[in-house]
Novice: 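Below is one structure. I have some questions about it.
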Amino acid sequence: MTTPSIEATDSRNASRHGKNAWLACGVVGATLLALIALGHDGRRIAQLAVLAVPMVLWLAWPLRSARMRRVRTVAVWLWAMGFALDGVARAYLLDTYQAAPDGAMVLGAAANTNARESSEYLRMHWRSAVIWSAALVVAGVLVGVFARRGAVAVAMPDAQASSVRTRMPFWTRSLVLVLLLVACVAYASKPWRRLHPVVFWTQWSQSVQSLRGAWADQQDMRDRSLAQAKAIAPVFTQAGPSTVVLVITDSINRDNMALYGYGRPTTPRLLAHKAQAGDQMAVLQNAWSVDASTLPALRNMFHFGLPQSENSENSKSSENNGNPPHLLALARAAGYKVWWISNHDDLAIEQQHARFADVVDMVNRTPGRASASLDGEILDCVQEAFADTSTDRKLIVVHLMGAHPHYSLRFPANANPFDDSVDAVETGLVNNGRPTWVRRFRQEYDAALLYHDFVVSELLQQTRSAGKPDEYRAWMYLSDHGQEVGHGSDRAGHSPSTASGYRIPAVVWRNKGPLPSGAAVQQPFRADWTGWSLMDLLHIQWSGQMPERNVLGDTYRWQAPDIPVAVESFSR
Ligand SMILES: [Zn+2]
């Protein structure tokens, strides 16, 4: 049996070890948090911290065997270095390119790089590489030193051991328990789990691999499309210069535009253009997309709404027999120089459409919903395209974020005039029983539209004032799809299942040539037929023409599209 004095020493030892262990947790945890905060922002920091927490807490768990403690030290160190590498890599990319690792640019660069290029790159960027590596080394040493100081279980008779173990105060135990519970929830949720460095970077390297694989094909596909377009031999039928601008926006529902009769003044500038331009500008009153998301919508716009032919898989090596041509390929074959200026960063769109252009400008390099680059950023690039003197046939495609969720990222801070007074729109939403959060989204959505009105009007102004007054210019604006923001249901976002997901604006301006006017602007228009009207704006003739699908022509015939929602009437 032990004497009282030895027991006291043991328990002092245990409490010293206990304090050490909490200090170890604190230092390792703080180091991790600092590195996480370097590479992530906002809610992401909390999510990553929760994912990291179980291993850090392990340091507070008393272990008796020295071998287990060594295993723990190594495990905690590796774990922490995983988060550290992730944080540093992200911080480096943000700092250098304002880009996230899964952005098209970074993925593309990683997929494109060979050993020689990597060494060239390192030679150029060694300074920042040294700085970030130093941060990593400091973190490694700190974590290494403190991970060794995890809790030790002091050998002593069973009765005393249990009394020492219960010395952890109640609130500490509760806190640890809550943290572990939250961590369990985090690991159970797929979107959270995906943020874990090991999962994220494993998937990242898979994306790079599959991109590498797919690329050869895409370049091949574009080469075949260009050859196909040359074989079609489209003809430019006009004398003199021609400048055509196509503005494709994202997630704009025409019901929210004052231009289309909305109750809030969301489009003052476009209304002013309309008043000024008279019959040079047609606002197509009943425009519809036939797709509720971007990729299929753009595919249809640029392939004339024609389906891929069924034998396309077998005909890879020969000509695209039966496959619809790509509009940009046709424009180039007819002598147009093509620009693609985008505030999106989407790999698929870049590969399937943008890379057909002679000049590609991807202004926004952070992918997905968190990307906060405002659409106005593209205006300078568009001005440069207008100023280009190397050609007198220009097709400038501008791809905007429009009002893509999150709406609050689509307009400048403090530029929401719709959130401080109760107007008719607000009252209407209240009467329809829309909850507060939907009404708040609607206010933000409308503020996004107001900013959008500025960008779109600037683009129209640039087009109207480009070149000499007698030179032909045309401009077409439409959205890839609509958006539901409490229009017919308590929801906000893309909406394949309600008509709001398909109700888009479509506006055409040109300084020469007929446009629909009077009753003709009431004819419904479908976005998958955009190509047929664009060929009219471009003055290109080709063998595949279908005049009955050109909304600008006299022989236009509306046909209702097959969309997965019941639409009472396409004429309203
Ligand atoms: Zn979209």
Side-chain angles (χ1 to χ4, degrees), residues 102-104 246-257 260 266 287-303 305 327-328 340-354 362-378 397-411 441-442 444-449 451-453 455-456 459 476-488 491-507 525-531 534 561 563-565:
D102 47 354
L246 171 64
V247 182
I248 303 170
T249 188
D250 202 307
S251 303
I252 301 289
N253 182 331
R254 60 177 143 93
D255 294 335
N256 290 63
M257 302 176 85
Y260 281 86
T266 49
W288 296 83
S289 71
V290 305
D291 305 283
S293 62
T294 306
L295 266 186
L298 262 62
R299 197 237 151 247
N300 267 330
M301 277 183 208
F302 288 107
H303 288 285
L327 186 133
L328 299 186
W340 185 284
I341 299 167
S342 172
N343 194 28
H344 280 251
D345 184 25
D346 187 307
L347 208 53
I349 292 169
E350 182 178 353
Q351 287 298 314
Q352 289 163 18
H353 308 294
M362 306 296 258
V363 178
N364 174 0
R365 286 177 166 165
T366 312
R369 298 157 74 93
S371 49
S373 155
L374 290 172
D375 279 339
E377 304 280 330
I378 53 105
V397 182
V398 183
H399 192 198
L400 301 175
M401 289 295 277
H404 191 280
H406 299 299
Y407 310 139
S408 63
L409 297 177
R410 305 290 162 243
F411 57 90
F441 271 134
R442 176 67 80 89
E444 290 175 355
Y445 185 72
D446 291 342
L449 264 89
Y451 176 73
H452 184 61
D453 174 62
V455 177
V456 175
L459 289 168
M476 181 166 188
Y477 159 78
L478 79 167
S479 184
D480 57 353
H481 52 78
Q483 192 83 174
E484 169 79 41
V485 196
H487 296 92
R491 285 190 313 114
H494 288 49
S495 187
S497 59
T498 65
S500 310
Y502 304 85
R503 295 172 67 82
I504 57 163
V507 181
F525 163 78
R526 45 191 281 187
D528 59 332
W529 288 359
T530 300
L534 264 175
I563 58 175
V565 234

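Every value quoted in this text rests on a predicted model; they were computed, and no experiment measured them. Numbering of ligands and ligand atoms starts at 1, following listing order.
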Novice: Flag the pair Leu295 / Ile349 as yes when at least one side-chain heavy-atom distance between them is below 4.5 Å, and no otherwise.
Specialist: yes
Novice: Is it the case that the side chains of Thr266 and Asn256 hold a donor-acceptor pair, with the cut-off being a distance below 3.5 Å and no angle test?
Specialist: no
Novice: I'd like to know: is the Zn ion (ligand 1) within the 2.8 Å range of an N/O/S atom from Thr294, strictly under that distance?
Specialist: yes
Novice: Could you please compute the angle at the Zn ion (ligand 1) from NE2 of His481 to OD2 of Asp480, rounded to 10°?
Specialist: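 Once rounded, the angle between the two atoms at the Zn ion (ligand 1) is 100°.
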Novice: Return yes when at least one N/O/S atom of His494 is nearer than 2.8 Å to the Zn ion (ligand 1), and no when none is.
Specialist: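 Within the cut-off used here (under 2.8 Å), His494 places no N, O or S atom near the Zn ion (ligand 1).
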Novice: Under 30°, 30 to 60°, or over 60°: which ring-plane class applies to Trp340 and His399, parallel, tilted or perpendicular?
Specialist: perpendicular
Novice: Is the shortest side-chain heavy-atom distance between His481 and Ser251 below 4.5 Å?
Specialist: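 Yes. Closest side-chain heavy atoms under 4.5 Å.
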